[in-house]
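Quick notes on the structure that follows.
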Amino acid sequence: MKTKRRLIFIYLQIIGLFIMSSSILISCDNKKEDLGSAIEYDPSKPVELTTFHPDSGRISESVILQGSNFGNDPSLVKVYFNKKKASVIKTVGDRMLVMVPRMPGDTCSVSVVVGNDSVIYSRNFYYRMSVSVSDVVGNGTPAYQGGALSESTLRPAYICVDNEGNIFASSRESANNQYGIIRINEMEGLATSLIMGNSALIIPDALCPDKKTGIIYIPSEHSITGFYTCDPKEYWAPRMKNIIWRNLNGHALPVNPWKHSMGFCELDGCVYTRFYDGQIVKINPKTMDTDIVYMTAAGTSEGVTFDPLHPEMLYLAVRSGSMAGGIYSMDIRDPSSFKRLNAAGSGHRDGELSQALFNAPYQIYFDPDGNLYIADKSNHCIRRIRPDHIVETVVGIPGVAGWKNGSKEDALFNNPQGVGVDGEGTVYVADYGNSRVRKLAIE
């Protein structure tokens, strides 16, 4: 039903665009004979910009740009809201109709490229982000029960999403000593355990996908060397793997087995993790050969991931120890580049990344546009770091725990620990305190 309503909305929007395009043509001095060669792009003349309206809007809303020498061929014109390319629907020389792209940033510079000319409007466009939160599975009962999503229950601690729409959750319910890995599929409407047992069998942590092969990597707390893989070719049957220490690079082996998160690197095909004792390691998933690539202070990392736009850049979230509350980055080609990106300490502060504060940041993951999403557990919020290094609270009220679906202004979370993003930019949250997997539709 939701899909039908969306299709109807898009259909009506397209009709509206045709009407607006026609009105643009008619309004050009109301003379068809004036739309001849005068509206073609003239490379000997500059492209000039005057104004546009409206000056704010959401995804797919129409904007009329005004100026001169735009030409009459939309395929030859490029329009950008910040770095996001907009769809050019119609151009008639002194005006053009474009559609706002998805999530270009809050404040957008609007640029027009025609031929060798590239010009920017003197005023900004303001993007209005819309967020809607809904439940995928779970009803507040932490004990695991599989089956239909409407009836299934779980205690999701971490989460990841593959390219086929499969959601994988590490479920950890200590009261009933239930620990396992659960596959959730919205199209099938089912939640299925891949492995389920007590803490003596498995304690799964923050999963990560190899989105090319579909293999899921899950760190385990049971041994220093052990972790799990789930391969779709084997219907995600969990397989225990053991790393082989090769190059210690002068560093000591970990004493504690706690490696709470893994990240897959598309650049070298290796899996990276960080141990509680501070070792950042690289694992070759084909040979299990493992190198210690850098040594940090002790503390728990609940988040490890890579930037899809800069696959050499490793990001970590640290929730405990002397590095607590920190978001860190490291160029894997130069491990000495390891550094903290936000202000020291813990709390809640949006704005410039260098001044931002987090309170027990857990799992982190990038969307396809380079926005880094963070499950900010003790703030009960989902935060994100934009590519322009601005931190914003996407949803949740800082310091207020609860459960409520709806808009950005209304939705509440309770100690969210996990965050994953699919290929379309939809964000999924392991809302640990509410015993639910939730979905954020962000536009």
Side-chain angles (χ1 to χ4, degrees), residues 9-29 34-130 307-311 366-371 384 386-390 423-425 442-443:
F9 173 76
I10 293 172
Y11 176 71
L12 292 174
Q13 202 169 39
I14 291 172
I15 293 175
L17 288 174
F18 275 115
I19 294 172
M20 289 186 68
S21 300
S22 300
S23 66
I24 290 174
L25 291 172
I26 294 170
S27 66
C28 290
D29 296 334
D34 291 337
L35 299 179
S37 60
I39 65 170
E40 293 180 356
Y41 171 64
D42 186 347
S44 67
K45 295 180 180 180
V47 173
E48 296 181 345
L49 308 178
T50 55
T51 189
F52 59 80
H53 63 275
D55 64 358
S56 65
R58 296 185 173 92
I59 180 176
S60 298
E61 289 193 15
S62 55
V63 177
I64 297 177
L65 309 184
Q66 296 181 350
S68 63
N69 203 26
F70 292 155
N72 60 357
D73 187 347
S75 67
L76 301 180
V77 182
K78 296 178 181 178
V79 176
Y80 297 91
F81 287 64
N82 287 338
K83 296 182 179 180
K84 297 296 289 292
K85 190 176 180 181
S87 297
V88 179
I89 307 301
K90 193 78 175 180
T91 176
V92 293
D94 62 349
R95 275 166 288 184
M96 74 172 89
L97 180 67
V98 303
M99 295 181 68
V100 178
R102 180 179 184 271
M103 292 173 58
D106 292 341
T107 304
C108 305
S109 62
V110 182
S111 58
V112 177
V113 179
V114 188
N116 294 323
D117 289 308
S118 179
V119 285
I120 302 175
Y121 279 95
S122 59
R123 58 190 295 214
N124 291 322
F125 179 88
Y126 299 96
Y127 184 80
R128 299 197 303 269
M129 184 176 69
S130 173
D307 184 346
L309 304 182
H310 304 281
F366 279 93
D367 72 6
D369 296 325
N371 296 288
R384 73 172 179 180
R386 299 186 334 216
D388 59 2
H389 296 163
I390 297 297
E424 301 299 320
I442 303 174
E443 295 181 341

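One is the number of the first residue; the rest follow in order along the sequence. Everything quoted here is computed from the prediction, not taken from an experiment.
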N/O donor-acceptor pair under 3.5 Å between N82 side chain and K84 backbone: no
Aromatic ring proximity F81/Y127, centre distance under 6.0 Å: no
Close side-chain approach of E48 and N69, heavy atoms under 4.5 Å: no
Aromatic ring pairing F52/Y121, orientation class (parallel under 30°, perpendicular over 60°, tilted between): perpendicular
Distance (rounded to the nearest 0.5 Å) between S130 OG and I442 CD1: 9.5 Å
Shortest non-hydrogen separation from S62 to P54 and the atoms involved: O-CD, 3.6 Å
CD1 on I390 to CG on D106, rounded to 0.5 Å: 9.0 Å
Residue pair I64 / L97, side-chain heavy-atom distance below 4.5 Å: yes
Nearest atoms (heavy-atom pairs only) where G423 meets P368: O-CG, 3.4 Å
Spacing of OG1 belonging to T50 relative to CZ belonging to R123, to within rounding of 0.5 Å: 9.5 Å
Distance in Å, R102 CZ paired with D369 CG, rounded so as to fall on 0.5 Å steps: 6.5 Å
L76 and F70, any side-chain heavy atoms less than 4.5 Å apart: no
Heavy-atom closest contact (D307 atom, L309 atom, distance): OD1-N, 2.9 Å
Pairwise side-chain contact, N371 with F366, heavy-atom cut-off 4.5 Å (strictly under): no
Matching residue for Y41 among T91, D117, N72 - test: side chain to side chain donor-acceptor pair (under 3.5 Å): D117
K90 vs R95 side-chain heavy atoms within contact, under 4.5 Å: no
S109 vs N124 side-chain heavy atoms within contact, under 4.5 Å: yes
Exercise: identify the closest heavy-atom pair between V47 and V119: O-CG1, 3.6 Å
From CG (D367) to CD (E424), nearest 0.5 Å: 11.5 Å
Nearest-0.5 Å distance that lies between atom OG in S111 and atom CG in L65: 10.0 Å
For E443 against M103, the heavy-atom pair lying closest together: C-CG, 4.2 Å
Neighbour count >12 (heavy atoms, 6.0 Å) for atom NZ, K83: no
